[in-house]
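Comments concern the structure below.
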2 protein chains.
Amino acid sequence: MKKNPVSPIPLNPAPFKNASSADAKASGRGGARPGAGRPAGQGQYGEPTKPVRLPVSMIDEVMDYVATGGRQSLPLFSCAVAAGFPSPADDHLEGSLDLNDYLVKHPAATFFVRVSGDSMIKAGIHENDILVVDRSLEPRHGKVIIAALDGQLTVKRLHHKSGKTMLMPENDRYAPIVVSDEASMVIWGVVTNVIHSV
Amino acid sequence: MKKNPVSPIPLNPAPFKNASSADAKASGRGGARPGAGRPAGQGQYGEPTKPVRLPVSMIDEVMDYVATGGRQSLPLFSCAVAAGFPSPADDHLEGSLDLNDYLVKHPAATFFVRVSGDSMIKAGIHENDILVVDRSLEPRHGKVIIAALDGQLTVKRLHHKSGKTMLMPENDRYAPIVVSDEASMVIWGVVTNVIHSV
DNA sequence: ACTTTTGAATAAAGTACAATATTCTAATAT
DNA sequence: ATATTAGAATATTGTACTTTATTCAAAAGT
């Protein structure tokens with residue numbers, strides 16, 4: 001069992017009444033008294049624990065999860081104009097954010113795509129960016145989508161105009177793709193977010 | 001449920017002998033036999049479990065975590081050119097990705113900032129984007145950083161030139177900021193990623 | 001008076017056990 | 001012959017209990 005490195009917490013100096021007055025025991029040391037014993041909250045988590053059954057394959061992972069404080073919720077600040085004086089960090093604090101929660105609304109229907117090419121540069125989609133794609137969203141006109149065309153994955157903006165379906169790049173050096181045979185195109189999902197490394 | 005494909009192997013050398021021959025019990029049904037009993041892997045997780053102690057405040061959260069299959073690792077595809085034929089999804093599969101792992105290398109030193117303004121538009125940083133900021137990285141020349149100037153948070157590219165420190169916007173409509181009094185500027189951290197909604 | 005030793009008190013942590021759930025088959029009933 | 005039922009077998013699951021760790025303070029030593 002791991003030894004707890006936490007420094008001793010000075011407990012309340014409870015007014016202890018010495019037992020020597022009446023029933024002092026001549027033999028042995030120590031003795032009954034209030035305040036003795038290991039203080040609560042000295043465990044590895046600083047709070048009570050309870051045994052819970054977990055699948056063996058996940059125990060390590062869960063222990064990690066618990067050790068790192070659970071959901072990876074980190075503070076979110078905003079650039080909003082502050083009071084005017086040099087303001088503490090709290091003045092900008094908007095709350096806290098978990099990336100998976102924020103970016104993945106439908107975990108079972110979401111996947112990522114790494115971008116190659118620059119055909120969508122004007123939409124803020126660069127080479128090597130990671131796209132968050134949700135296949136549970138309906139691919140409507142105007143949405144940025146991931147489509148498989150002849151077995152090739154592409155990112156484009158979907159256009160439906162006068163009965164025709166087109167895949168529009170957002171880069172002047174590329175031409176729109178007219179989807180003649182709708183059956184040859186499979187839409188994998190709708191892009192919801194772009195993750196870009198600076 | 002799934003039946004064990006292995007046929008019941010009699011553990012003891014003697015094959016199961018029907019008890020009726022000699023010491024038939026007139027009363028009672030069923031009886032000893034191999035293969036009886038609840039099959040393994042029928043539990044709520046389909047695998048053995050073990051009791052583990054968890055802090056009470058996290059039990060609900062952990063149960064959620066376990067129920068949703070642990071780390072939110074989702075598939076990552078690439079747009080790389082495939083074999084030429086209409087290819088299955090697997091041909092594009094690069095692996096799987098957990099956003100927190102990918103974006104947050106130093107959880108204790110990372111925070112997020114929501115962008116206002118368009119002064120960094122050429123760096124792909126748009127209004128309302130979320131920036132991933134790591135304060136454990138050293139703010140070197142050329143890095144995009146978050147700085148507090150007179151209590152106001154700003155995103156700019158850090159420049160050190162001939163002894164001067166400057167904060168460079170990436171938008172022609174904005175002018176560089178010369179940091180005259182270095183003490184009035186506090187660098188909060190280095191921007192590692194931009195998260196943009198399409 | 002100060003330090004060290006020792007046992008009591010009590011929380012933490014791990015595990016064994018009892019209760020429950022599920023499935024199989026022999027015995028019984030139809 | 002087929003369907004039903006009761007009991008046996010065995011995995012699952014929750015929790016009680018044992019073991020371990022830590023702290024307090026009286027007693028003993030210096």
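In the text below, chain A, chain B and the rest are named by the order of the sequence lines, each starting its count at 1.
Evaluation of the side chain to side chain contact (heavy atoms under 4.5 Å, CB included) rule for D101(B) yields R71(B), D98(B) as partners, not counting sequence neighbours. Checked against side chain to side chain contact (heavy atoms under 4.5 Å, CB included), P107(A) has the following partners two or more places apart in sequence or in another chain: V104(A), Q72(B). Legend: residues meeting side chain to side chain contact (heavy atoms under 4.5 Å, CB included) with S96(A), ordered by chain and number and at least two apart, are S73(A). By the side chain to side chain contact (heavy atoms under 4.5 Å, CB included) test, K50(B) is found to be paired with V56(A), I59(A), residues two or more places apart in sequence or in another chain being considered.
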Table please: side-chain donor-acceptor pairs of residues 140-148 of chain A below 3.5 Å, with sequence neighbours left out.
| unit_1 | atom_1 | unit_2 | atom_2 | d |
| --- | --- | --- | --- | --- |
| R140(A) | NH2 | E138(A) | OE1 | 3.4 |
| H141(A) | ND1 | H160(A) | N | 2.9 |
| H141(A) | ND1 | H160(A) | O | 3.3 |

*Could you encode protein contacts along nucleotides 11-16 of chain D as a string, one character per nucleotide from 5' to 3', using B for base contact, S for sugar-phosphate-only contact and - for no contact, with a heavy-atom cut-off of under 4.0 Å?*
BSBBBB

